[in-house]
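Take a look at the structure set out below.
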Amino acid sequence: LPEADVARMDGLLELLAGDLFRGRADLPKLAEQTELTDDELLPLAQAVSLLGLARLAAGDLHLTPLGRRYVDGTHTLRQQLFGQQLLAHVPLAAHIRHSLEQEPSGELPEEPFLQLLSETLDAAHAERVLRTAIEWGRHGEVFEYSYTTGLIHLPEGPGGDDAPES
C-alpha cells in the first residue's frame with residue numbers, strides 16, 4: 001500500500017485535471033510543477049492509480065473518467081467514491097470492514113490486523129501500511145479509528161450503516 005496522504009492525493013488529482021495538464025501529465029513535468037521529489041510523487045501516483053482515479057502508463061499519469069468525476073464532485077461524493085474504490089481495490093481495507101461487520105460490537109482492536117501484516121512485512125512496514133489503510137478508511141468513511149483506545153470501528157451517525165460497499 002503506497003504511503004500517500006489523502007490531501008496530497010486530492011491536490012495531485014486537481015492539478016492533473018486542471019488547465020495546465022488537462023487530464024494527462026508526464027511524471028517529470030508533474031514533479032517539477034508540484035515541487036515534489038520522485039520519492040514523494042511516486043507513492044501519490046501509485047495510490048491514485050491503485051484506487052482507479054488515475055492510470056500510470058509509460059511515465060505519464062492519466063486522469064480516469066472516475067477521477068474526473070471525483071475531482072468535479074462535492075466533498076461528500078469524493079468521500080463516497082474514495083470509500084467505494086478503497087473497498088474494491090485494497091484487500092486490507094475490505095478485510096477490516098468485513099471483520100468489523102462480523103463483530104457484534106462493530107469494533108476491533110488494531111492488533112490482529114497488525115499481526116496479519118507482520119506475517120509478511122517487518123514491524124515498521126506493517127505499522128505504516130496499517131496507518132495508511134486507517135487514514136484512507138477514515139477518509140472514505142469505511143471505518144473509524146480511536147487514537148486513544150486503538151480500536152477500529154464502523155462509522156457512527158449518518159452514513160454509518162450505509163457506508164460505501166464494493
Kindly give the heavy-atom pair with the smallest separation between Arg55 and Thr64, and that separation in Å. N-CG2, 4.1 Å
What distance do Thr37 atom OG1 and Leu42 atom CG have between them, rounded to the nearest 0.5 Å? 9.5 Å
On a heavy-atom basis, the closest approach of Leu15 and Leu30 is CD2-CD1, 3.9 Å
In Å and rounded to the nearest 0.5 Å, what is the NE2 to OG1 distance from His125 to Thr120? 9.0 Å
Correct closest heavy-atom pair for Leu63 and Leu53 would be CD1-O, 3.5 Å
Is any side-chain heavy atom of Arg69 closer than 4.5 Å to a side-chain heavy atom of Asp72? no
Would you say that more than 12 heavy atoms from the other residues, nucleotides or ligands in this model lie under 6.0 Å from the CD of Glu35, or not? no
Does Glu32, at its CD atom, have more than 12 non-hydrogen atoms belonging to other residues, nucleotides or ligands within less than 6.0 Å? no
Check the hydrophobic clustering (I, L, V, M, F, W, Y; side-chain heavy atoms under 4.5 Å; chains of links allowed) and say if Leu151 and Leu130 are grouped together. no
Is the side chain of Arg68 donor-acceptor paired with the backbone N or O of Ala17 at a distance under 3.5 Å, no angle test? yes
Leu121 and Ile96: same hydrophobic cluster, using ILVMFWY side-chain contacts below 4.5 Å? yes
Surrounding CG of Asp38 (heavy atoms of other residues, nucleotides or ligands, distance under 6.0 Å), is the total greater than 12? no
Given Glu127 and Arg131, is the salt bridge (charged side-chain N to carboxylate O under 4.0 Å, His left out) satisfied, shown in steps? CA-CA 6 Å; Glu127 178 77 26; Arg131 290 289 146 246; 2.8 Å; yes
Gap separating the CD atom of Gln84 from the CG atom of Leu66, nearest 0.5 angstrom: 8.0 Å
Looking at every non-hydrogen atom in both residues, tell me the closest pair between Ala124 and Asp122 and how far apart they are. N-OD1, 3.1 Å
Please determine whether side chain to side chain contact (heavy atoms under 4.5 Å, CB included) holds for the pair Leu16 and His62, giving the CA-CA distance in whole Å, both sets of side-chain angles, and the decisive distance to 0.1 Å. CA-CA 8 Å; Leu16 187 60; His62 303 262; over 6 Å; no
Please report the shortest heavy-atom distance between Met9 and Ala47, naming the atom on each side. SD-CB, 3.8 Å
Which pair of non-hydrogen atoms, one from Ala133 and one from Leu1, has the smallest distance, and what is that distance? N-CD2, 3.8 Å
May I ask you to check whether over 12 heavy atoms, not counting those of His98, lie within 6.0 Å of atom NE2? no
Would you confirm whether the ring centroid of Tyr147 sits within less than 6.0 angstrom of the ring centroid of Tyr145? yes
Can you tell me how far CG of Leu100 sits from NE2 of His95, rounded to the nearest 0.5 angstrom? 9.5 Å
Any side-chain heavy atom of Leu44 within less than 4.5 Å of one from Thr34? no
Checking the side chain of Glu3 only, and the main-chain atoms of Pro43 only, is there a donor and an acceptor separated by less than 3.5 Å? no
Here the gap from Glu144 atom CD to Ile152 atom CD1, rounded to the nearest 0.5 Å, amounts to 11.0 Å
Ignoring hydrogens and geometry, is there a side-chain-to-backbone donor-acceptor pair from Trp136 to Ala4 under 3.5 Å? yes
Please lay out, stage by stage, how Leu27 and Leu56 fare under the test side chain to side chain contact (heavy atoms under 4.5 Å, CB included). CA-CA 9 Å; Leu27 285 178; Leu56 272 170; 3.8 Å; yes
As an exercise, state the distance from CG of Leu108 to CD of Glu103, rounded to the nearest 0.5 Å. 4.5 Å
Would you sort out whether Leu61 and Leu12 count as a side chain to side chain contact (heavy atoms under 4.5 Å, CB included), showing the intermediate values? CA-CA 10 Å; Leu61 189 62; Leu12 180 66; 4.0 Å; yes
Say whether, by atom type as modelled, one donor and one acceptor occur between the side chain of Ser49 and the main chain of Ala45 under 3.5 angstrom. no
Please check if Val71 and Phe21 belong to a single hydrophobic cluster, counting links between Ile, Leu, Val, Met, Phe, Trp and Tyr side chain heavy atoms closer than 4.5 Å. yes
Donor-acceptor pair, Gln79 side chain versus His139 backbone, under 3.5 Å? yes
Evaluate the side chain to side chain contact (heavy atoms under 4.5 Å, CB included) criterion for residues Leu51 and Tyr70: first the C-alpha distance (whole Å), next the side-chain angles of each, then the deciding distance (0.1 Å), finally the verdict. CA-CA 11 Å; Leu51 295 172; Tyr70 180 89; over 6 Å; no
